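Chain identifiers are assigned alphabetically (A, B, ...) following the order of the sequence lines, protein sequences preceding nucleic acid strands; residue numbering begins at 1 within each chain. This one's a predicted model, so the numbers in the text were calculated from it and none came from an experiment.
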Amino acid sequence: MPVKIYNTLSRKKEELQPIEPGHVRLYVCGITSYDYCHIGHARSALAFDMIVRYLRYLGNKVTYIRNFTDIDDKIITRANEQNTTTEELANRFIDEFYVDMDKLGVDRPTMEPKATEHIQEMIDLITELIEKDMAYPAGGDVYYSVNSFANYGKLSGRNLEDMQAGARISVNENKTNPMDFVLWKASKPGEPSWNSPWGPGRPGWHIECSAMSRKYLGSTFDIHGGGQDLIFPHHENELAQSEGANNKPYVKMWIHHGFVTIRDEKMSKSLGNFLTIRDILDHYHPEVLRFFIFSTHYRNPLDFSEAAMQDSMTGLKRLYECLAAVDALEDNCQDKVDSIAGAKDIKKIESLEENFQKAMNNDFNTAQAQGSIFETVKTMNKILRTLPDAPSSEDHKLLQTAAATIKKLAGIMGILQVPAAVYLAVGKAEMLAKTDISEAEILACIEERNQARIDKNWAKSDEIRNNLLEKGIELNDGPKGTGWSVKRS
RNA sequence: GGCGGCGUAGCCAAGCGGCUAAGGCACUGGUCUGCAAAACCAUGAUUCAGCGGUUCAAAUCCGCUCGCCGCCUCCA
């Protein structure tokens, strides 16, 4: 079953057919490193983490390149504000980026090139464009001439006339055409700069990706990814540079993910409505964020809210409860006992992996893939609740195999990777820390109450229970004794 | 103004020409319990923003209308 991917370039879903069969080459635009990352960056990293994991799960080799932009206007401005160098600032936030990525359990790409370490490659590329008359130096800058590239606008579906009509472009006397964009920027005094044939300066934003992708993936590669806001101008310009210089198709498929929104507005620094990854991780388990992000298809907008995070938390817990129940199964099965699972149940459980793949092959539909896991869990719970104390070894094995499959598949989304009992216990401990009561005190109350219950002193029993409830502790009486949990506020 | 996307049950969200319109959360009922809570089970759209059209067949394709959002400036 082939993987179908929505290609921004063709605006259609297309089958993934790697140039080298079995080896997918992927380039993703990473962060500009001058601040902490927000949830939008998390979505990007997580989406491509999932895509790479899935392609590898299918048996492909994946070469995954994600760059760091470590020199640009914002970095220079911020470094000046903080009285530091661009290098120190960029590296500091690259380190912070890794802190966040590690917490989220994002796998490292194959390579993570930095712009400043590829100045020569960029100069070479710009030189080639000038030689081909597709770029021109002017006043220490070098510009790409959009008129020299017949297909300019093909990725974003624009044409030069329309764009100039509604142009919000500042007038730049050096440019021949207002839509021309900078490949090399002359540096002002005090700014970081590199020597070049056009004088001291620094690279424009787009050229780094053209240069680095060519170096590591070749002139034509399989997939290029990024956020939808990069389609224009960044990716459009990259495409123009690369195809202009190489005379070959740049990328076979373009993948662009949607934004994270808050109250249906794009999260952005200018609106001031962004939440950093660490803001979220202070309050939620990383898997809750992953569960939330993968509950919507990657191309659709994803609206962040506390309520949505709570829902994700509840949903994830439901999955873990099922895995914990399977883990807790005692190893006392009997061969002579009849199996409880009906043919339909078995079929349903056994079709999980196929359904999961079907969903993922359809443009990485994680929302649907999650649904297939929930369906399986429902069937497993049905079996679990009617399972005798000494279950048949067939049922036991069925459940354990199902749990293992769930963990394997969920791992592509990076969820259900903690031992279930640990996840549930850690969540409980973290919540307990937010109350002003200790576990020992709770257990003492439970003991006292259990004596009251033995005495059938319901008034006292309920009083103890209510007192605990006021402190945020809920009790639950079960066949195996009385347990407790922290009530969600 | 140009380009693109979205509008499916109370909320979130799949489905993108044909099996009963997935799944999650919430609600309600049940199991459990001394009573609860938690957990589990069960239950909800004759209908997919509206109106037309194409088709044997449409939430799915086409057109128009309404509403929301994004890009066109740095942005994941």
Trainee: Say we look at B:A59 and B:G53: how far apart would their P atoms be, to the nearest angstrom?
Mentor: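 Approximately 15 Å lies between the P atom of B:A59 and that of B:G53.
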Trainee: Taking side chain to side chain donor-acceptor pair (under 3.5 Å) as the definition, give me every residue that meets it alongside A:S187, ordered by chain and number, with sequence neighbours left out.
Mentor: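 Partners of A:S187 by the side chain to side chain donor-acceptor pair (under 3.5 Å) criterion come out as none, since no residue qualifies.
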Trainee: Rounded off to whole Å, could you give me the CE-to-P distance for the A:M179 and B:G2 pair?
Mentor: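 Roughly 17 Å, once rounded to whole Å.
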Trainee: For A:I262 and B:C68, what is the distance between atoms CD1 and P respectively, to the nearest whole Å?
Mentor: 21 Å
Trainee: When rounded to the nearest Å, what value does the distance between P atoms of B:C19 and B:A38 take?
Mentor: 39 Å
Trainee: Once you round it to whole Å, what is the distance between P of B:A39 and NZ of A:K428?
Mentor: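 In whole Å, B:A39 P and A:K428 NZ are 13 Å from each other.
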Trainee: What class does the angle between the rings of A:Y27 and A:H224 fall in, given that below 30° is parallel, 30 to 60° is tilted and above 60° is perpendicular?
Mentor: tilted
Trainee: Of all the base pairs, Watson-Crick or G-U under 3.5 Å, which form stems of three or more consecutive pairs involving RNA chain B?
Mentor: B:1-7 with B:66-72, B:10-12 with B:23-25, B:28-31 with B:39-42, B:49-53 with B:61-65
Trainee: Which label fits A:Y36 and A:F93: parallel for a plane angle under 30°, tilted from 30 to 60°, or perpendicular past 60°?
Mentor: perpendicular
Trainee: Do any pairs count as a salt bridge (Lys or Arg N to Asp or Glu O under 4.0 Å) and have a residue in residues 449-464 of chain A, sequence neighbours left out, and if so which ones?
Mentor: A:E448-A:K460, A:R449-A:D477, A:R453-A:D477, A:D462-A:R465
Trainee: On a whole-Å scale, what distance lies between the P atoms belonging to B:A49 and B:C74?
Mentor: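 Per the computed distance, 36 Å lies between those P atoms.
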Trainee: Roughly how far apart, to the nearest Å, are B:C51 and B:C66 at atom C1'?
Mentor: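 These two C1' atoms come out 10 Å apart once rounded.
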Trainee: Which pairs, protein N/O on one side and nucleotides 32-35 of chain B N/O on the other, fall under 3.5 Å?
Mentor:
from, atom 1, to, atom 2, distance (Å)
B:G34, O6, A:R449, NH2, 3.1
B:G34, O6, A:S461, OG, 2.9
B:G34, N1, A:D462, OD1, 2.9
B:G34, N2, A:D462, OD2, 3.0
B:C35, O2, A:R465, NH2, 2.8
B:C35, N3, A:R465, NH1, 2.7
B:C35, N3, A:R465, NH2, 3.1
B:C35, N4, A:R465, NH1, 3.0
B:C35, N4, A:D477, OD2, 2.9

Trainee: If you assign A:G227 and A:K382 each to the RNA chain B nucleotide with the nearest heavy atom, which residue ends up on the more 5' nucleotide?
Mentor: A:K382
Trainee: If we take the C1' atom in both B:C48 and B:C61, what is their distance in whole Å?
Mentor: 16 Å
Trainee: Quick one: is B:A22 close enough that its OP1 or OP2 comes under 4.0 Å of any side-chain N or O from A:K358?
Mentor: no
Trainee: Work out how far the P atom of B:U46 is from that of B:C11, and round it to whole angstrom.
Mentor: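 So the two P atoms sit 15 Å from each other.
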Trainee: Taking only the C1' atom of each, what is the distance from B:C35 to B:U43 in whole angstrom?
Mentor: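 The answer is 25 Å between these two C1' atoms.
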Trainee: Taking the same atom, P, in B:C69 and in B:G24, what whole-Å distance lies between them?
Mentor: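 To the nearest whole Å, 31 Å.
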Trainee: Applying salt bridge (Lys or Arg N to Asp or Glu O under 4.0 Å) as the test, list every pair that has at least one member in residues 29-43 of chain A; sequence neighbours left out.
Mentor: A:D35-A:R78, A:D35-A:K269
Trainee: Regarding A:R66 and the six-membered ring of A:F48, is the cationic atom NZ or CZ under 6.0 Å from the ring centre and inside 45° of its axis?
Mentor: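 Checked: cation-pi criterion not met.
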Trainee: Figure out the CG/C1' separation between A:N476 and B:A38, and round it to whole Å.
Mentor: 5 Å
Trainee: Please state how far atom CH2 in A:W484 lies from atom C1' in B:A37, giving the value in whole angstrom units.
Mentor: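 These atoms are roughly 15 Å apart.
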Trainee: Among residues 286-304 of chain A, which ones have heavy-atom contacts with RNA chain B below 4.0 Å?
Mentor: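 The answer is A:S295, A:T296, A:H297, A:N300.
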Trainee: Which comes earlier along RNA chain B counting from the 5' end, the contact point of A:L230 or that of A:T379, where each point is its nearest nucleotide?
Mentor: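 The residue mapped nearer the 5' terminus is A:T379.
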